[in-house]
Amino acid sequence: IINGVLYDYAKTVAFKYPPRRSPGTNTELVLESTITRISACAFYDMRHITKITIPASVTVIGTSAFMHGRTDGKSYSSLTEVIFSSGSNLSTIQRHAFQSCKSINNAGFVMTLPRSVVTIEAWGFWGANTSITFEAGSKLNKIGYQSLQYAKIESRLPEGLKIIQQDGLDGAKHMIGGPLYIPASVEDLYPNSLKVKDSATGYGNISEIHFAKRSQVTGITLDNNQNL
């Protein structure tokens with residue numbers, strides 16, 4: 001155990017951090033530089049850490065790793081920033097990894113998604129109100145089901161992105177407003193994948209979607225109301 005984090009013997013996996021552990025005056029947590037994986041539910045319901053640094057060696061952030069489940073109705077996050085060390089090798093953000101990881105006043109954390117990330121699985125950042133920028137040269141290939149729902153994103157999605165699954169960007173907000181630009185590499189759009197402005201709920205602020213020239217979109221699946 002180092003700074004409250006339980007690692008395996010070789011310090012390659014971060015297994016668990018006590019959700020209600022008070023770190024005192026130091027609310028920033030730097031994970032060991034030798035780990036390659038953050039285990040499922042490792043930081044589930046983490047309450048008091050404001051900033052966490054994830055080393056370049058990590059390739060997978062496990063299912064529900066930083067999720068807030070609110071099992072007692074009071075599970076709110078203090079996290080304001082997730083930092084990835086330079087040269088990150090992170091490739092996969094698994095299901096529910098950061099779901100509902102937001103403060104009591106609904107403020108989310110900020111992060112720059114490493115260029116190495118290929119897949120954000122279903123519900124990856126659902127309901128976390130995360131502000132996400134994409135590192136230059138992003139290899140992101142897939143935005144999973146409801147994975148960036150209600151997130152704050154850049155105006156241009158990464159070139160190379162191929163799949164936006166159902167509700168992938170539903171209710172998403174542009175950081176500065178204006179159109180959302182879909183790269184030519186996108187091939188498949190699922191129902192509600194780009195339903196980005198909802199006057200009924202107030203979610204979303206993107207009123208226009210622009211497709212790049214020579215777009216490779218080959219399938220657009222509509223829902224029962226004939227919406228994207």
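These numbers come from a predicted model, not from an experiment.
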Would you say the side chain of E81 lies within less than 4.5 Å of the side chain of F109, judging by non-hydrogen atoms?
no

Side-chain polar contacts of residues 32-41 - donor-acceptor pairs under 3.5 angstrom, sequence neighbours left out - could you list them?
{"from": "T34", "atom 1": "OG1", "to": "K11", "atom 2": "O", "distance (Å)": "2.5"}
{"from": "T36", "atom 1": "OG1", "to": "T12", "atom 2": "O", "distance (Å)": "3.3"}

Starting from I1, walk the hydrophobic network (Ile, Leu, Val, Met, Phe, Trp, Tyr; side-chain heavy atoms closer than 4.5 Å) and list everyone else you reach, by chain and number.
L6, V13, F15

Kindly indicate whether the side chain of Q165, heavy atoms from C-beta on, has any atom under 4.5 Å from the side chain of K142.
yes

One pair to check against ring pair (Phe, Tyr, Trp, His ring centres under 6.0 Å): F125 and Y150. What are the steps and the verdict?
CA-CA 9 Å; F125 294 91; Y150 311 137; over 10 Å; no

Would the Y145 and Y190 ring centres measure less than 6.0 Å apart?
no

Flag side-chain contact, heavy atom, 4.5 Å: E28 against T50
yes

Shortest non-hydrogen contact from M111 to T130?
CG-CG2, 4.1 Å

Indicate the atoms forming the closest heavy-atom contact of P19 with Y44, along with that distance.
CB-O, 3.4 Å

Take atom CG in N3; do more than 12 heavy atoms of anything else shown fall under 6.0 Å from it?
no

Is there side-chain contact between H68 and Y76, with at least one heavy-atom pair below 4.5 Å?
no

Sequence neighbours excluded, every pair satisfying side chain to side chain donor-acceptor pair (under 3.5 Å) that has a member inside residues 110-125
T112-T133, R115-E135, W123-Q146

Approximate separation, where rounding is to 0.5 Å, of I153 CD1 and L169 CG:
5.0 Å

Quick check against the 3.5 Å criterion: does N89 have a side-chain atom that pairs as donor or acceptor with the backbone of V58?
no

A quick test of your reading: do over 12 heavy atoms of other residues, nucleotides or ligands sit less than 6.0 Å from NZ of K16?
yes

Should I54 and L90 be marked as a side-chain contact (heavy atoms from CB on, under 4.5 Å) after you check the CA-CA gap, both sets of side-chain angles, and the distance that decides it?
CA-CA 9 Å; I54 298 174; L90 181 66; over 6 Å; no

Side-chain heavy-atom pair Q94, T92 within 4.5 angstrom cut-off
yes

Is the shortest side-chain heavy-atom distance between I143 and L161 below 4.5 Å?
yes

Any side-chain to backbone donor/acceptor pair from S77 onto L79? Under 3.5 Å, distance only.
yes

Within-4.5 Å side-chain heavy-atom neighbours: V30 and I83:
no

Between Q149 and D170, does a side chain to side chain donor-acceptor pair (under 3.5 Å) hold up when you go through it step by step?
CA-CA 5 Å; Q149 197 171 35; D170 182 19; 2.8 Å; yes

CG of L180 to CG of L157, rounded to nearest 0.5 Å, is 5.0 Å

Side chains of V110 and I132: does their closest heavy-atom pair fall under 4.5 Å?
no

